[in-house]
Amino acid sequence: MNASDVLGITLAPKMPANPRRGIGVIGAGLIINNAHLPAYRDAGFNVVAIYDLRPEAARATADRFGIPVVCTSAGELVEHADVDIVDMAVTPEAQGALARAAFAAGKHVLCHKPLAETYQEAEALVRAADVAGVLLAVNQQMRWSPGLHLTRRLIQQGAYGEVIELSFDIDLLSDWSWMGQRRRVEYFYNSIHYLDAIRSMLGEPLSVTASSASYPGQKALAETRTFTVLTYPGDLRAIVLSNHNNWSGTTRATVRCHGTEGRSEVVMGMKDYPVETADTFQFTARTTAPSWVERRFSEKWMPDSFVYPMADLMCAIEDGRQPATSGRDNLGTLRIIEAAYRSIAEGIHVRL
């Protein structure tokens, strides 16, 4: 592939034939207001009801986005006749019970990540959805952020030749808020995005080697720095370096893909979070005189990529298939995380 060809690749979600299925939202926090609902509004999706433990937050969000019904309980929302899909952004310990209530009401569910904080609970939720005959998807939307989406498309088209390395270099300053009180922090609430994106590009690794550390004086109770290597067949490796203690004011979120016939680098807009900017993508093909081409996106990870999981779930309902980020698929991401924690605890190389 000529390097300039990457500039013409179109990235857009496949939209459902019926984009007006009723969506009921549980949660009215920042991620709902800054990502879910702006994306759904732009896509023309039909949000019919909302519930939050804080009635005033639910009402304010409903007023902002024109949501007609503010429910007084989660039970009322999942039983609402106009709700076909329940979209939730809540803490993991609340998510399981809410998802099961939605399953019992015959509603499809889009959960947030992590699906659960243990593999066993996540697996139980997947089984419960299967028994109820409904679809369960997980909002792992970073795999569709513009730079990573384009990288995956180019891998699929063979633009890199034989891919030998994919690396995430993340160096941020993060305020963990309630997440910092968890006994396991960084993998479940941040690197889960990168590991899921890697799986979407490269498939399932053979093994995981990991190490983690804290930072002097940090408020979080668990790891805020992680170092992870995923081993694939042959010479292919994926690497995630993630640090959340960069006080310098100069942050970094860079993704590199290296193959025998092509190389790329993504500078992700999330490096400026919560002031989200757009990704920049650079690519060069192996020729006698390699030259780099650059693509600057107008779309952003937040909110634009948040349309993909919901659109894909609606398409999956219409097509009678599992969503791309189904609960069952997400077990693969959680399996890597559990292997990483075991590698850290035991100081070993863990085969999956």
Side-chain angles (χ1 to χ4, degrees), residues 31 89-96 99 110-127 136-145 148 166-170 172 174 176 178-214 220-232 236-244 253 255 270 309 323-352:
I31 197 69
V90 298
T91 58
E93 65 268 20
Q95 186 158 256
L110 178 61
C111 282
H112 234 278
K113 56 81 192 166
L115 177 57
E117 288 189 305
T118 69
Y119 184 87
Q120 293 75 16
E121 169 62 7
E123 195 172 38
L125 285 174
V126 171
R127 289 197 301 267
L136 167 62
V138 183
N139 209 326
Q140 295 274 189
Q141 73 300 121
M142 185 176 276
R143 61 167 65 185
W144 283 297
S145 65
L148 302 187
L166 182 63
S167 65
F168 283 69
D169 184 4
I170 311 299
L172 309 173
S174 299
W176 293 104
W178 60 269
M179 294 173 283
Q181 303 308 302
R182 297 303 210 248
R183 63 186 179 86
R184 301 196 291 185
V185 176
E186 205 285 325
Y187 278 112
F188 270 118
Y189 294 98
N190 188 69
S191 280
I192 190 170
H193 279 303
Y194 318 136
L195 298 170
D196 183 78
I198 289 168
R199 287 184 56 248
S200 77
M201 295 186 219
L202 304 181
E204 306 299 335
L206 297 176
S207 62
V208 179
T209 307
S211 180
S212 69
S214 298
L221 300 182
E223 81 284 354
T224 59
R225 299 157 59 211
T226 60
F227 315 82
T228 314
V229 178
L230 308 183
T231 302
Y232 284 84
L236 176 58
R237 302 292 183 269
I239 303 161
V240 178
L241 304 178
S242 187
N243 168 55
H244 295 265
V255 181
M270 63 163 283
T325 56
S326 69
R328 189 167 301 282
D329 175 82
N330 197 243
L331 294 178
T333 299
L334 294 177
R335 194 175 294 120
I336 294 173
I337 290 174
E338 293 289 359
Y341 279 121
R342 183 184 168 201
S343 176
I344 292 164
E346 302 180 20
I348 60 173
H349 182 76
V350 179
R351 293 191 65 84
L352 292 174

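Only this structure's heavy atoms are used, side chains among them; waters, hydrogens and symmetry mates stay out.
Between the side chain of Gln95 and the backbone N or O of Pro114 there is at least one donor-acceptor pair closer than 3.5 Å. Using modelled atom types, no side-chain atom of Thr325 and backbone atom of Ala137 make a donor-acceptor pair closer than 3.5 Å. Side-chain atoms of Glu223 come within 3.5 Å of backbone N or O of Val185 as a donor-acceptor pair. A side-chain donor-acceptor contact under 3.5 Å links Tyr232 to the backbone of Gly203. With hydrogens and angles disregarded, no donor-acceptor distance shorter than 3.5 Å links the side chain of Gln140 to the backbone of Lys113.
For the pair Met270/His193, no side-chain contact is recorded, criterion being any heavy-atom separation below 4.5 Å from C-beta on. Looking at Trp144 and Pro309, their side chains come closer than 4.5 Å, going by heavy atoms from C-beta outward. Taking 4.5 Å as the limit, some side-chain heavy atom of Val240 sits within range of a side-chain heavy atom of Ile198. You'll find the side chain of Thr228 stays beyond 4.5 Å of the side chain of Tyr194, heavy atoms only. Between Asn190 and Ser242, some side-chain heavy-atom pair lies under the 4.5 Å cut-off. Taking 4.5 Å as the limit, some side-chain heavy atom of Leu334 sits within range of a side-chain heavy atom of Ile192. Counting heavy atoms from C-beta on, the side chains of Arg335 and Val208 never come closer than 4.5 Å. With a 4.5 Å cut-off on side-chain heavy atoms, Ser212 and Glu186 do not count as touching.
A distance of 12.0 Å separates CD1 of Ile337 from OH of Tyr119, quoted to the nearest 0.5 Å. Between Ile170 atom CD1 and His244 atom NE2 the span is 8.0 Å, to the nearest 0.5 Å. In this structure, Cys111 SG and Leu125 CG are separated by 6.5 Å, a value rounded to the nearest 0.5 Å. A distance of 10.5 Å separates OG1 in Thr333 from CG in Leu115, rounded to the nearest 0.5 Å.
Pairing each heavy atom of Arg183 with each of Ala222, the nearest pair is O-CB, 3.2 Å. Here the closest heavy-atom approach between residue Val138 and residue Gly327 is recorded as CG2-CA, 4.1 Å. Taking both residues in full, the closest heavy atoms of Tyr187 and Ala210 are given as OH-CB, 3.4 Å, listed atom of the first, atom of the second, then distance. Between Ala220 and Trp176, the shortest heavy-atom contact is CB-CD1, 3.9 Å.
Every salt bridge (Lys or Arg N to Asp or Glu O under 4.0 Å) that Arg143 has, sequence neighbours left out, goes to Asp196, Asp329. With sequence neighbours left out, Arg328 forms a side-chain contact (heavy atoms from CB on, under 4.5 Å) with Val126, Asp130, Ser326.
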Please tabulate, one pair per line, all N/O donor-acceptor pairs under 3.5 Å involving side-chain atoms of residues 344-352, not counting sequence neighbours.
unit_1 : atom_1 : unit_2 : atom_2 : d
Glu346 : OE2    : Arg342 : NE     : 3.4
His349 : ND1    : Thr209 : OG1    : 2.5
His349 : NE2    : Ser207 : OG     : 2.8

**OP:** Apply side chain to side chain contact (heavy atoms under 4.5 Å, CB included) to Thr224 and Ser174, showing your working.
**Re:** CA-CA 9 Å; Thr224 59; Ser174 299; over 6 Å; no
Original post:
Stepwise, does the side chain to side chain contact (heavy atoms under 4.5 Å, CB included) test hold for Thr231 with Arg237?
Top reply: CA-CA 5 Å; Thr231 302; Arg237 302 292 183 269; 3.6 Å; yes
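Ring planes of Tyr189 and Trp178: perpendicular class, angle over 60° (limits at 30 and 60°).
Annotation: cation-pi geometry satisfied between Arg184 and Tyr341 (NZ/CZ under 6.0 angstrom from ring centroid, within 45° of ring axis).
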